Amino acid sequence: MADVKITLKDGSVKVYPKGTTVYEIAKDISGRLAKEAIVGEVNGTTVDLSYEVNEDCSLNIYKFEDEEGAHAFRHTSSHIMAQAVKRLWPETKLAIGPAIDDGFYYDFDTDHTFVPEDLEKIEAEMKKIVKEDLSLERFELPRDEALKLMAEKGEDYKVELINDLPEDAVISFYRQGDFVDLCAGCHVQSTKKIKSFKLLNLAGAYWRGNENNKMLQRIYGTSFPKASLLDQHLEMLEEAKKRDHRKLGKELKLFALMEEGPGFPFFLPNGMVVKNELLNYWREVHKEAGYVEIETPIILNRELWQTSGHWYHYKENMYALKIDDEDYAIKPMNCPGGMLSYKTELRSYKDFPLRMAEIGRVHRHELSGALHGLMRVRAFTQDDAHIFMLPEQIKDEIKNVCHLIDSIYETFGFSYHVELSTRPEDSMGTDEEWAYTEAALEGALKELGLDYRINAGDGAFYGPKIDFHLKDSLNRTWQCGTIQLDMQLPQRFDLTYIGSDGEKHRPIMIHRVAFGSIERFLGILIEEFAGKFPTWLAPVQVKLMTIADRHIDYAKEIEAKLNAAGLRVSLDDRAEKIGKKIREAQMEKNPYMLILGDKDIDNQTVSVRSRDLGEVGAMSVDVFVETILKEIKDRSKVALFQAKAAKEA
RNA sequence: GCCAGCGUAGCUCAAUUGGUAGAGCAACUGACUUGUAAUCAGUAGGUUGCGGGUUCGAGUCCCAUCGCUGGCUCCA
């Protein structure tokens, strides 16, 4: 393999095998992942050194494909956007403008209200800046000079940021032409590198994410080193729109959201089939995992919510009402009812772990602006369970729940990430209790070897939690499963059990969900499968269609057989062409179509067409039923007829 | 709740500078009797989200309100 000769800025020469990635070269030379990133590529046998080195770092070259490279690239894009905005509206004050997963944003404070047309103007100005080929120069200033510089420029937000930096912080700036920004860095060497970009949307955002602060105007954008990559990304966004669960939910008649009940979804017959299948599956696996099921009331009195603490800690989110002059509230969570259920009997340590599940419908008054299809609603169904146990059972039980959740997600083929959320500011309980419970959850995660990230201060007010997050079609993540260790409610409700010593003790309680919310899970499910549910979930599993009216009797005969086999069947016996019936069935995303005509009557067969595989061929009804029943029983994610076709071939 | 944008037939969208709402698909009726992604013809369908205002005249402009979308905040 040919070697690549690289001349470094200090004049020294290094030789690498051709094909070595720039990233590896950078690591090799610098011996570490340096804080400055530069985007570059090895082409052929030479390396373009023109964009090579920062003043205070050794050679650090990253490709756009590396996280650091993309980050630097987008961060520079963000600076270019800010520079463009400052040129167009000089009075604008800059807040923060970081790189994010798929692009970048910048928060601005200006009297000018940005409208969508402004994005084009800003893009045009950005193009100029890119063309000007401005190099990004880093410089550091002592605190007082840094403050002076930003104050002179009227950048109040930057002044605040500098004031909040720790004493020993290095205060760095980046300059590109006439534009200077307080910035810790990671930039490409020149504005010229930002080949393709697009500003995507406008949004409001509170300064520092605090709703008591001023609302700034945020502009989101994305950028790529090649136009083709940008096009590809924009195409992906278009594709994602097509699988949006709100769109598909309407098209497939799964659910409806109406003005009459914002945030309160209606489940239509098709959606109800999917929901019930999900619940059937859920009950099956939970029974196997040793759970019992209960149901508690939707409405309970004020005293209960005071006991639980919700009346004070969750009041803004609760729907309250008066009944016979007494205060009641609609449950926002199932736990208090679960506590009362626990207390209906004297419990023994021998009953532990006691796993009480509840498919509970809860109502929460979410902010109107937070509502989002099925993902964020005001009434939803939690697949809840409260598990009561001994302290020494905590780790194993958390592991059990993690396994259960994992196996459920695996059934749908979902990948997920885990977060551990710790004590929030507004919380109940002692420091010791929090330390103990947080350690218990983290210990279980570590023993399981699960990757997780810590979400400091994001726990529930009554305990720390482990969250399982799934992604929607736009890669936005949604919390679904959660496991919360709760030492508050057992105390507040004075829950006890009789231990082996014959004395009363306080049980440990886990509060957990796997789907999280059936509604949200269904939303994720729709987007993941783009509406093409696996057969076991599909509202209509088999669509029968006649070629001509004379085939209707035979079709009804087949329909009866499939019905008898427990399949969800629908017959299209309209006097339409078969092409049209197939087209409509495909659009309804029915997994299987049976085409019935003269040949089928003569041979006593059905002609099978699969939504995913196309024409499968003719077979006897019995063979068809046998195969599809297996596919359903296995909760297969793919059509089993594919395997059959492969075997025959 | 906050910032911005949007709201026309069941769905997807039209409607010059304000001039009196239209198309495709779906639906319905009829003809056609069809072999793997759209047969043809006809019929019907809208107080332009709701409520005010400006105007000779408002889907177009203004105000208010409800809802939706993208974010922020919050959270399953």
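Hydrogens, waters and symmetry mates are skipped; everything else that's a heavy atom, side chains included, is used. In this text the structure is predicted, and so the values were computed from the model without any measurement. First the proteins, then the strands, lettered A, B, ... as listed; each starts at 1.
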Review point. Which of these nucleotides, B/G5, B/G35, B/U33, is closest to any side-chain atom of A/S607?
Key: B/G35

Check your understanding: Taking it one step at a time, do A/E519 and A/T381 satisfy side-chain hydrogen bond (donor to acceptor under 3.5 Å, both in side chains)?
Key -> CA-CA 7 Å; A/E519 288 75 5; A/T381 315; 2.9 Å; yes

Check your understanding: So how far is it from A/I405 CD1 to A/F515 CZ, rounded to the nearest 0.5 Å?
Key -> 11.0 Å

Check your understanding: Picking from B/G35, B/U36, B/U34, which would you name as closest to the side chain of A/D598?
Key -> B/G35

Check your understanding: Is the shortest side-chain N to carboxylate O distance from A/K556 to A/D553 below 4.0 Å?
Key -> no

Exercise for review: Return the nearest nucleotide to the side chain of A/N201; candidates are B/C74, B/U36, B/G70.
Suggested key: B/G70

Review point. With a 4.0 Å cut-off on heavy atoms, is A/D600 in touch with a base, just the backbone sugar-phosphate, or nothing at all?
Key: base

Check your understanding: Any side-chain N or O of A/K580 under 4.0 Å from OP1/OP2 of B/A26?
Key -> yes

Practice item. Look at the side-chain N and O atoms of A/R378 and state whether any lies under 4.0 Å from the OP1 or OP2 oxygen of B/A76. Key: no

Practice item. Examine B/G70: is either OP1 or OP2 under 4.0 Å from a nitrogen or oxygen in the side chain of A/H372? Give yes or no. Key: yes

Check your understanding: So does A/R376 reach the base of B/C74 with its side chain, donor to acceptor, closer than 3.5 Å?
Key -> yes

Review point. Looking at A/K214, does any N or O in its side chain come under 4.0 Å of the phosphate oxygens OP1/OP2 on B/C3?
Key: no

Review point. For B/A4, does either OP1 or OP2 sit under 4.0 Å from a side-chain N or O belonging to A/R218?
Key: no

Practice item. Considering just the side-chain nitrogens and oxygens of A/R246, establish if one lies under 4.0 Å of OP1 or OP2 belonging to B/G70. Key: yes

Practice item. Indicate, with a heavy-atom threshold strictly under 4.0 Å, whether A/T546 touches base, sugar-phosphate, or nothing. Key: nothing

Exercise for review: Please check the phosphate of B/A76 (OP1 and OP2 only) for any side-chain N or O of A/Q479 closer than 4.0 Å.
Suggested key: yes

Point to revise | Under 4.0 angstrom between A/R520 side-chain N/O and B/C75 OP1 or OP2 | key: no

Check your understanding: How would you label the contact of A/G204 with the nucleic acid (heavy atoms, under 4.0 Å): base, sugar-phosphate, or nothing?
Key -> base

